[in-house]
Amino acid sequence: MSADLAEKTDRYERLLAEALDAAEAVPPAGTPLADAAAEYEEMARSYLEDGRHFREGDDPVNALAAFSYGHAWLDAGARIGLFDVPDEGHLFTV
């Protein structure tokens, strides 16, 4: 079971990092939606950092949870139109 957890944690960390690179905020600067996009991105980046911190502390369960939550912020932002994201592939559910 621990090998499955390690593999899944690795996969979700990569997925979140790739998704952060692929997501591009689309609202015009200075608008409330631009502020929302920045907040969603900041939350995703914070969860990526948190996950890496948990992983360094040998806490893979919380690392996996953090990576998953971070990706959820990006996915939600993409769904409501805050980010331009790839339509094809494995990074987003849009």
Side-chain angles (χ1 to χ4, degrees):
M1 173 108 133
S2 63
D4 293 335
L5 178 59
E7 184 278 326
K8 188 174 273 191
T9 303
D10 289 344
R11 186 165 25 105
Y12 276 68
E13 180 182 8
R14 282 191 310 274
L15 181 69
L16 176 52
E18 288 177 33
L20 275 163
D21 287 342
E24 181 180 329
V26 293
T31 65
L33 288 176
D35 293 343
E39 185 175 339
Y40 275 57
E41 183 179 350
E42 180 182 348
M43 291 299 292
R45 288 192 189 284
S46 293
Y47 274 115
L48 179 61
E49 292 172 15
D50 290 349
R52 289 174 173 166
H53 173 77
F54 287 130
R55 174 174 255 175
E56 289 172 7
D58 198 29
D59 187 353
V61 172
N62 281 318
L64 177 58
F67 297 144
S68 298
Y69 286 135
H71 194 269
W73 277 93
L74 286 182
D75 239 359
R79 284 250 175 201
I80 62 173
L82 297 178
F83 301 109
D84 183 25
V85 299
D87 292 334
E88 302 294 322
H90 66 286
L91 295 178
F92 295 94
T93 60
V94 293

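Numbers for residues simply follow the sequence, beginning at 1. Not measured: the values here are computed from a predicted model.
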For this session: Could you go through the side chain to side chain contact (heavy atoms under 4.5 Å, CB included) check for Thr93 and Arg79 one step at a time?
Result: CA-CA 8 Å; Thr93 60; Arg79 284 250 175 201; 3.6 Å; yes
Exercise. For His53 and Glu49, what are the C-alpha separation, side-chain angles and deciding distance, and is it a side chain to side chain contact (heavy atoms under 4.5 Å, CB included)?
Worked result: CA-CA 6 Å; His53 173 77; Glu49 292 172 15; over 6 Å; no
Exercise. After noting the C-alpha distance and the side-chain angles of Tyr47 and His71, does the key distance pass the ring-ring contact (aromatic ring centres under 6.0 Å, His included) rule?
Worked result: CA-CA 8 Å; Tyr47 274 115; His71 194 269; over 10 Å; no
For this session: Show your working on side chain to side chain contact (heavy atoms under 4.5 Å, CB included) between Leu91 and Leu15 and close with a plain yes or no.
Result: CA-CA 6 Å; Leu91 295 178; Leu15 181 69; 3.6 Å; yes
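Atoms CD and OG, from Glu13 and Ser68 in turn, are 11.5 Å apart once rounded to the nearest 0.5 Å. Separation of atoms CD1 (Ile80) and CG (Asp75) is listed at 11.5 Å; rounding is to 0.5 Å. Rounded to the nearest 0.5 Å, atoms CZ (Arg11) and CG (Leu64) are 9.0 Å apart. The OG atom of Ser46 sits 15.0 Å away from atom OH of Tyr69, with the distance rounded to the nearest 0.5 Å.
Taking every heavy atom of both residues into account, Phe92 and Ala22 meet most closely at CE1-CB, 4.3 Å. Counting all heavy atoms, side chain and backbone alike, Ala44 lies closest to Leu16 at O-CD2, 3.9 Å. Listed here is the closest heavy atom pair of Ala34 and Pro27: N-CB, 3.4 Å.
Cluster membership for Val26 and Leu74, using ILVMFWY side-chain heavy atoms within less than 4.5 angstrom, is not shared.
For Arg14 and Glu18, the salt-bridge test fails: no basic side-chain N is under 4.0 Å from an acidic carboxylate O.
The main-chain N or O of Ala25 is never found under 3.5 Å from a side-chain atom of Asp84 such that the two would form a donor-acceptor pair.
Applying the side-chain contact (heavy atoms from CB on, under 4.5 Å) rule to Ala63 yields the partners Thr9, Phe54, Arg55, Phe67; only residues at least two apart in sequence or on another chain are considered.
Residue pairs meeting the side-chain hydrogen bond (donor to acceptor under 3.5 Å, both in side chains) criterion with at least one member in residues 25-43, sequence neighbours excluded: Glu41-Arg45.
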